[in-house]
Chemist: 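One structure coming up, written as structure tokens, with questions to follow.
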2 protein chains.
Amino acid sequence: MPAPKPGKPVRGSKTGRPIMALLDLLGRRWVLRIGWELHDGRALSFRALQLACGGVSPTVLNQRLRDLRDADLVELLDGEGYRLTKDGEVLLEMLAPLDQWAKRWARKTK
Amino acid sequence: MPAPKPGKPVRGSKTGRPIMALLDLLGRRWVLRIGWELHDGRALSFRALQLACGGVSPTVLNQRLRDLRDADLVELLDGEGYRLTKDGEVLLEMLAPLDQWAKRWARKTK
DNA sequence: CAGTTTGCTACATTATCCGTAGCATACCGA
DNA sequence: TCGGTATGCTACGGATAATGTAGCAAACTG
């Protein structure tokens, strides 16, 4: 499955609405987690990122990184490793409050 | 794979950190989309929801709905169909700005 | 020149998803 | 009482995606 692009039909939507492409992308396995590990300008090498994600298989990791790079959310810097782009940072700042929500969730679920 | 719970080990994390469980849940296929279709208190029948999601197979849809119900994000109301719980609404309000972001993204990607 | 680290690929196995068909229950009008 | 329709949902077989292990080629390091 190719990386979702706004304007193109994606899984479950032929209209090309940007939000649909985004939901498709973010809903792919490991994408949210990868973003989470890279937030706040943190750059990680392929292997460090793999480790941070609890040992994802390099196959999927690489595929997701390609998806994210195609979407201009992540970039590979020579000698620095992978890092969020400016756009990627903006997107992930939006997801930051999820951490708080999750903590409340944990308290309630007990 | 069982529905992720805060406090329990999930895919890629054995620590039980709530955010990890949440990222696992939200990263499952169709979860974000289902939430998106149900936002703002909208209740949809199983079949209407299936249609709204572009014809997802009922197998996965049911599995995801079960995940979401286990997480108390979604509930099935007799005669009303599926709807977000209060917690679910709060979570989805956080994701609302994604729509704006996606639109800017679309403009840039052109 | 051996050892390490880099990003990444190959390959076989397993898990997940998909599409279609269909079941059981409940309602609704004739 | 008999379709017809809608409900939530399951069965099943085939397609697709993810996993785990091994390893390669290039760059750097001692």
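First the proteins, then the strands, lettered A, B, ... as listed; each starts at 1. All heavy atoms count here, side chains included; hydrogens, waters and symmetry mates do not.
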Chemist: Should A:Asp99 and A:Lys103 be marked as a salt bridge (Lys or Arg N to Asp or Glu O under 4.0 Å) after you check the CA-CA gap, both sets of side-chain angles, and the distance that decides it?
Modeler: CA-CA 6 Å; A:Asp99 195 37; A:Lys103 283 176 186 166; 3.6 Å; yes
Chemist: Taking salt bridge (charged side-chain N to carboxylate O under 4.0 Å, His left out) as the cut-off, I'd like each qualifying pair that reaches into residues 21-35 of chain A, sequence neighbours left out, listed once.
Modeler: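 The answer is A:Arg11-A:Asp24, A:Asp24-A:Arg28, A:Arg28-A:Asp67, A:Arg33-A:Glu37.
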Chemist: Contacts to DNA chain C from residues 41-53 of chain B, heavy-atom cutoff under 4.0 Å, which residues?
Modeler: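 Those residues whose heavy atoms fall under 4.0 Å from DNA chain C, taken from residues 41-53 of chain B in numerical order, are B:Arg47.
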Chemist: Say whether, by atom type as modelled, one donor and one acceptor occur between the side chain of A:Lys5 and the main chain of B:Thr109 under 3.5 angstrom.
Modeler: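 Checking the backbone N and O of B:Thr109 against the side chain of A:Lys5, no donor-acceptor pair under 3.5 Å is found.
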Chemist: Indicate, with yes or no, if B:Leu51 and B:Leu65 share a hydrophobic cluster defined by side-chain heavy-atom contacts under 4.5 Å among Ile, Leu, Val, Met, Phe, Trp and Tyr.
Modeler: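 Different hydrophobic clusters.
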Chemist: Output the rounded distance in Å from CG (B:Leu61) to P (D:dG8).
Modeler: 10 Å
Chemist: Using atom CG of B:Asp67 as one end and atom P of C:dA15 as the other, report the distance to the nearest whole Å.
Modeler: 17 Å
Chemist: Does a nitrogen or oxygen in the side chain of A:Asn62 sit under 4.0 Å from OP1 or OP2 of C:dT9?
Modeler: yes
Chemist: Are A:Val90 and A:Ile34 in one and the same hydrophobic cluster, where Ile, Leu, Val, Met, Phe, Trp and Tyr link if side-chain heavy atoms are under 4.5 Å apart?
Modeler: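 As far as the 4.5 Å side-chain criterion goes, A:Ile34 and A:Val90 are connected within one cluster.
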Chemist: Any chance you could list the contact pattern along nucleotides 11-18 of chain D? Use B for base contacts, S for sugar-phosphate-only contacts and - for none, protein heavy atoms under 4.0 Å, 5' to 3'.
Modeler: BB----SS
Chemist: According to salt bridge (charged side-chain N to carboxylate O under 4.0 Å, His left out), who are the partners of B:Lys86, at least two apart in sequence or on a separate chain?
Modeler: none
Chemist: Distance from A:Leu49 atom CG to A:Arg47 atom CZ, nearest 0.5 Å?
Modeler: 12.5 Å
Chemist: When all nucleic acid strands are considered with a 4.0 Å heavy-atom cut-off, which category describes B:Gly79: base, sugar-phosphate, or nothing?
Modeler: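 The residue B:Gly79 makes no contact with any strand.
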Chemist: Does B:Leu73 belong to the same Ile/Leu/Val/Met/Phe/Trp/Tyr cluster as B:Met1, with side-chain heavy atoms less than 4.5 Å apart forming each link?
Modeler: no
Chemist: Can you name the nearest heavy-atom pair linking A:Ala96 to A:Trp36, along with the distance?
Modeler: O-CH2, 4.1 Å
Chemist: Set out, line by line, the N/O atom pairs under 3.5 Å between protein and nucleotides 25-30 of chain D.
Modeler:
none

Chemist: Taking CG from B:Leu76 and P from D:dT7, how many angstroms apart are they, rounded to a whole number?
Modeler: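 After rounding, the gap between these two atoms is 12 Å.
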Chemist: With A:Ala43, which residues qualify under side-chain contact (heavy atoms from CB on, under 4.5 Å), at least two apart?
Modeler: A:Arg83
Chemist: For B:Leu65 and D:dG8, what is the distance between atoms CG and C1' respectively, to the nearest whole Å?
Modeler: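 Taking CG of B:Leu65 and C1' of D:dG8, I get 10 Å after rounding.
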Chemist: Between A:Asp72 and B:Lys108, does any NZ, NE, NH1 or NH2 come within less than 4.0 Å of an OD or OE carboxylate oxygen?
Modeler: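 A salt bridge is absent here (no side-chain N lies under 4.0 Å from a carboxylate O).
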